[in-house]
Amino acid sequence: MTGEKPSHGSDELDGTSGAAGRVEIDAPAVSDGQEMYRITRDSGVLDVNSSYVYLLWCRDFAATSLVARADGRVVGFVTGYLRPDAPDTVVVWQIGVDAAQRGRRIAARLLDGLLSEVLPRGIRYLETTITADNTASVNLFSALARDRGTRLTTGELFTARMFPDTHEGEDLYRIGPLGTAGAPV
């Protein structure tokens, strides 16, 4: 990716810098993969992919991913891709926020920013998978559907038996149809 990265806005939450300062949302650069890996590893909840995956993701899927920066440092991210067999669907692969930044609605802002990017391209649905015990993600995506005035459907996608390790089952969450950014359908 070359040139200027698109900015998806910023906010000044309390007028100071650091954990409570300005947060800017924009497209990831390849160099952001290191911090995305760190946030994932340190979360204790997200599946940690190899560090190589995060670098590739920032290069190959930057158009469907965003990072949140505070004082120039990555403090959150959302990674997504357009589903090959459903061209009107964006899949959110991972969303993570640095522990020091949680509780500031960064994850919600990342999802809103992602939808602002993809809805003009004909995207009508968002999908993600969530393990049954991940209450924070369930609440985040449920709120997204509620705030957008659209449906949320859930169902089993990958059972625990399908995984070759001790991974929990993953339920599919499908939100839509979605209208224009910020507007209910």
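We number each residue from 1, following the sequence as shown.
Looking at Val90 and Glu117, their side chains never come closer than 4.5 Å, going by heavy atoms from C-beta outward. Contact annotation: the side chain of Asn49 approaches that of Tyr54 to within less than 4.5 Å [non-hydrogen atoms, C-beta and beyond]. Contact annotation: the side chain of Leu82 approaches that of Thr64 to within less than 4.5 Å [non-hydrogen atoms, C-beta and beyond]. Side-chain contact between Tyr81 and Asp60 is absent, with no heavy-atom pair separated by less than 4.5 Å.
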Next on the checklist: Assess the residue pair Val23 and Arg69 against the criterion (side-chain contact (heavy atoms from CB on, under 4.5 Å)); give the C-alpha distance rounded to whole Å, side-chain angles, the decisive distance to 0.1 Å, and a yes or no.
Outcome noted: CA-CA 5 Å; Val23 173; Arg69 300 177 200 283; over 6 Å; no
Checklist entry - When you look at Thr131 and Glu170, which way does the side-chain contact (heavy atoms from CB on, under 4.5 Å) test go after all the steps? => result CA-CA 5 Å; Thr131 57; Glu170 294 273 351; 3.5 Å; yes
Checklist entry - What's the verdict on side-chain contact (heavy atoms from CB on, under 4.5 Å) for Leu115 and Leu144, showing C-alpha distance, side-chain angles and the deciding distance? => result CA-CA 10 Å; Leu115 289 176; Leu144 176 69; 3.9 Å; yes
Next on the checklist: Set out, in order, the CA-CA distance, both residues' side-chain angles and the distance that settles side-chain contact (heavy atoms from CB on, under 4.5 Å) for Glu156 and Leu172, then state yes or no.
Outcome noted: CA-CA 6 Å; Glu156 186 177 71; Leu172 176 66; over 6 Å; no
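Between Trp57 and Phe61, the ring planes lie tilted relative to each other; the angle falls in the 30° to 60° range.
Within a 6.0 Å radius of CZ in Arg102, other residues, nucleotides and ligands contribute more than 12 heavy atoms.
For Ala63 against Arg121, the heavy-atom pair with the smallest separation is O-NH2, 2.9 Å. Contact record, Gly33 with Leu55: CA-CD2, 4.0 Å, taken as the closest heavy-atom pair. Among all heavy-atom pairs drawn from Ile25 and Ala68, the shortest one is CD1-CB, 3.6 Å. Of all heavy-atom pairs spanning Gly76 and Ile39, the tightest one is N-CD1, 3.7 Å. For Ala62 against Ala27, the heavy-atom pair with the smallest separation is O-CB, 4.3 Å. The two residues Val74 and Arg38 make their nearest non-hydrogen contact at O-NH2, 3.8 Å.
Residues Trp93 and Val118 fall into different hydrophobic clusters, defined by Ile, Leu, Val, Met, Phe, Trp and Tyr side chains chained together at heavy-atom separations under 4.5 Å. The cluster map of Ile, Leu, Val, Met, Phe, Trp and Tyr, joined by side-chain heavy atoms under 4.5 Å apart, puts Val97 and Val92 in the same cluster. No continuous path of ILVMFWY side-chain contacts below 4.5 Å connects Val91 to Ile130, so the two sit in separate hydrophobic clusters. Linking ILVMFWY residues whenever their side-chain heavy atoms come closer than 4.5 Å, directly or via other members, places Leu114 and Leu140 in the same cluster. Leu157 and Phe163 fall within a single hydrophobic cluster, where Ile, Leu, Val, Met, Phe, Trp and Tyr are joined by side-chain heavy atoms under 4.5 Å apart, directly or via other members.
Ile175 CD1 to Leu178 CG: the interatomic distance, rounded to the nearest 0.5 Å, is 7.0 Å. Arg151 contributes atom CZ, which lies 13.5 Å from atom OG1 of Thr154 (distance to the nearest 0.5 angstrom).
Here the side chain of Thr150 pairs a donor or acceptor atom with the backbone of Pro177 at under 3.5 angstrom. Under the 3.5 Å distance criterion, the side-chain polar atoms of Thr79 are matched with a main-chain donor or acceptor of Gln94. Between the side chain of Arg83 and the main chain of Thr89, no donor-acceptor pair closer than 3.5 Å is present.
Side-chain atoms of Asp88 and Tyr125 form no donor-acceptor pair, as typed in the model, at a separation below 3.5 Å.
Classification of Arg148 and Asp112 as a salt-bridged pair holds, one side-chain N sitting under 4.0 Å from a carboxylate O.
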